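What follows is one structure encoded as structure tokens, with my remarks underneath.
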Amino acid sequence: MLLQVGGQGSRPTFFEMAATHQLPASLRAALTYSIGVMAQRRPALHKVLDHSDEFFALLMLVLEAHSLQTTDASFSESLYGLRRRPAEITQQSQEPTQTSGQKLNISGLTRHQRILSVVFLVVMPYFKSKMESLYIAQRGSMLQAALWGRGDSDMLDIDETATRISEVQEQDASRSLPFIKKLKAFLAGCYPWIHATHEGLSFTYQLLYLLDATGFYAPALHIIRVHVCRATGQELMDVSSRNARNRIREYERLRGPPWLQVSIRSSCDLIFPYYACGNFLIYFRY
């Protein structure tokens with residue numbers, strides 16, 4: 001499914017790029033809310049909420065790696081009909097002497113660029129989220145110590161007393177690992193500077209992209225030397241035909257009772273038109 005926002009040429013509009021960057025955060029918020037609602041009836045799902053960072057990072061790792069492998073685009077970019085191309089090739093493709101066939105042959109990402117794309121799309125946001133959690137926890141403990149102090153323990157209620165006892169136990173356990181404790185404190189102290197630097201660079205690149213002063217919407221794209229461009233009709237057709245061939249090949253490898261094979265094929269026929277652009281490709285192997 002493609003969500004076309006508008007614009008002309010191969011360069012995406014500012015609003016298209018903003019939408020692709022906001023989609024993962026919106027997806028995470030929706031998944032967290034949905035799992036939270038289901039956890040009211042299934043208490044076992046609370047474990048997923050307790051490790052929401054790891055769960056969402058694993059989910060996005062699968063989605064982003066598969067989307068980059070099949071469409072040369074991130075999961076959110078593929079929904080908007082966008083593709084990632086090396087910056088040098090993007091400049092060459094704008095020359096009038098370049099044929100469309102030559103563009104398709106040279107516009108693929110390298111393996112190194114795909115790996116770096118996954119790192120900036122999944123790994124870096126995961127570590128940033130963990131650092132934010134450490135910073136919030138450290139700031140909360142500092143505020144609690146400033147509010148209650150050491151001589152106001154009698155004023156705490158039962159729940160807060162139990163919380164402080166557990167914190168003391170954790171502190172005693174962490175004394176055996178001073179390096180980890182110092183490392184957490186160091187990361188929590190560095191987080192405000194890292195966050196401010198990241199937000200400042202992101203704002204600068206977005207402003208320059210809006211003013212058409214650069215072709216890179218984010219610093220990560222500049223580091224890996226990748227431009228995000230609109231996919232051509234030929235590219236979309238190639239991806240769709242490749243996914244169709246893969247689907248037929250997997251159908252031929254199905255094993256089991258005839259009713260099971262018919263059920264799987266019927267399910268795939270309902271699912272695959274929605275992902276006709278190659279955003280997802282589900283393999284059933286028996």
Side-chain angles (χ1 to χ4, degrees), residues 1 3 17-80 82 84 114-141 163 166-167 170 173-174 177 180-181 183-188 190-192 194-195 198-199 202 218 220-221 224 264 267-268 270-272 274-275 277-285:
M1 181 182 67
L3 304 177
M17 297 300 298
T20 57
H21 279 69
Q22 294 173 0
L23 183 60
S26 302
L27 177 62
R28 176 170 184 171
L31 287 176
T32 303
Y33 177 79
S34 301
I35 296 175
V37 172
M38 292 187 294
Q40 297 178 0
R41 293 180 176 270
R42 300 289 187 272
L45 293 177
H46 284 289
K47 296 182 179 179
V48 177
L49 295 176
D50 294 338
H51 301 85
S52 59
D53 292 337
E54 289 74 14
F55 171 77
F56 186 76
L58 180 62
L59 175 63
M60 293 306 298
L61 177 63
V62 175
L63 293 179
E64 300 292 3
H66 176 78
S67 182
L68 287 168
Q69 184 66 29
T70 57
T71 65
D72 279 343
S74 66
F75 175 71
S76 56
E77 291 166 356
S78 61
L79 292 178
Y80 286 86
L82 305 179
R84 294 192 172 198
R114 289 193 180 97
I115 294 175
L116 289 180
S117 297
V118 172
V119 169
F120 282 106
L121 289 170
V122 180
V123 180
M124 298 300 291
Y126 170 74
F127 282 111
K128 186 174 181 293
S129 177
K130 301 303 291 185
M131 291 180 64
E132 182 179 5
S133 300
L134 291 174
Y135 173 75
I136 294 175
Q138 186 184 41
R139 185 174 178 81
S141 62
T163 302
S166 62
E167 290 178 356
E170 292 178 357
S174 63
L177 299 174
I180 296 179
K181 185 177 179 180
L183 179 61
K184 289 182 178 181
F186 174 76
L187 293 177
C190 293
Y191 173 75
I194 296 176
H195 180 71
H198 177 265
E199 293 298 323
S202 298
L221 298 176
I224 61 180
I264 294 176
S267 301
C268 290
L270 293 175
I271 296 175
F272 271 96
Y274 182 78
Y275 299 107
C277 299
N279 303 325
F280 254 3
L281 187 58
I282 304 175
Y283 297 97
F284 294 93
R285 296 177 180 175

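The structure displayed is predicted, hence computed values, not measured ones.
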Determine whether the aromatic ring centres of residues H195 and Y191 are separated by less than 6.0 angstrom.
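Yes, the ring centres sit under 6.0 Å apart.
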With a 4.5 Å heavy-atom cut-off, do M17 and L82 have their side chains touching?
yes
Side-chain heavy atoms of R28 within contact of L59, under 4.5 Å:
no
Mark yes when over 12 heavy atoms from residues, nucleotides or ligands other than [X] sit less than 6.0 Å from its [atom1]; otherwise mark no.
{"X": "H51", "atom1": "NE2", "result": "no"}
{"X": "M124", "atom1": "CE", "result": "no"}
{"X": "H198", "atom1": "NE2", "result": "no"}

Atom [atom1] in [X], atom [atom2] in [Y]: separation rounded to 0.5 Å?
{"X": "I224", "Y": "R114", "atom1": "CD1", "atom2": "CZ", "result": "11.5 Å"}
{"X": "S52", "Y": "K47", "atom1": "OG", "atom2": "NZ", "result": "15.5 Å"}
{"X": "L68", "Y": "L63", "atom1": "CG", "atom2": "CG", "result": "10.5 Å"}
{"X": "F75", "Y": "L23", "atom1": "CZ", "atom2": "CG", "result": "6.5 Å"}
{"X": "Q40", "Y": "L45", "atom1": "CD", "atom2": "CG", "result": "11.0 Å"}
{"X": "L134", "Y": "L183", "atom1": "CG", "atom2": "CG", "result": "8.5 Å"}

So K130 and D53, side chain to side chain contact (heavy atoms under 4.5 Å, CB included) or not? Walk me through it.
CA-CA 8 Å; K130 301 303 291 185; D53 292 337; 3.5 Å; yes
I136: which of R139, Q138, E132 passes side chain to side chain contact (heavy atoms under 4.5 Å, CB included)
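So, applying the side chain to side chain contact (heavy atoms under 4.5 Å, CB included) to I136 and each of R139, Q138, E132, only E132 qualifies.
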[Y] backbone acceptor or donor facing [X] side chain under 3.5 Å:
{"X": "T32", "Y": "A29", "result": "no"}
{"X": "S129", "Y": "Y126", "result": "no"}
{"X": "S67", "Y": "A73", "result": "yes"}

So which atom in V119 and which in P125 form the shortest heavy-atom distance, rounded to 0.1 Å?
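Nearest pair, atom of V119 first, then P125: O-CD, 4.2 Å.
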Search all heavy atoms of E64 against all heavy atoms of L121 and return the closest pair with its distance.
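It is OE1-CD1, 3.7 Å.
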Would you sort out whether T71 and H66 count as a side chain to side chain contact (heavy atoms under 4.5 Å, CB included), showing the intermediate values?
CA-CA 8 Å; T71 65; H66 176 78; over 6 Å; no
For side chain to side chain contact (heavy atoms under 4.5 Å, CB included), just list the numbers for T20 and S74, CA-CA rounded to whole Å, side-chain angles, deciding distance to a tenth of an Å, and then say yes or no.
CA-CA 9 Å; T20 57; S74 66; 5.7 Å; no
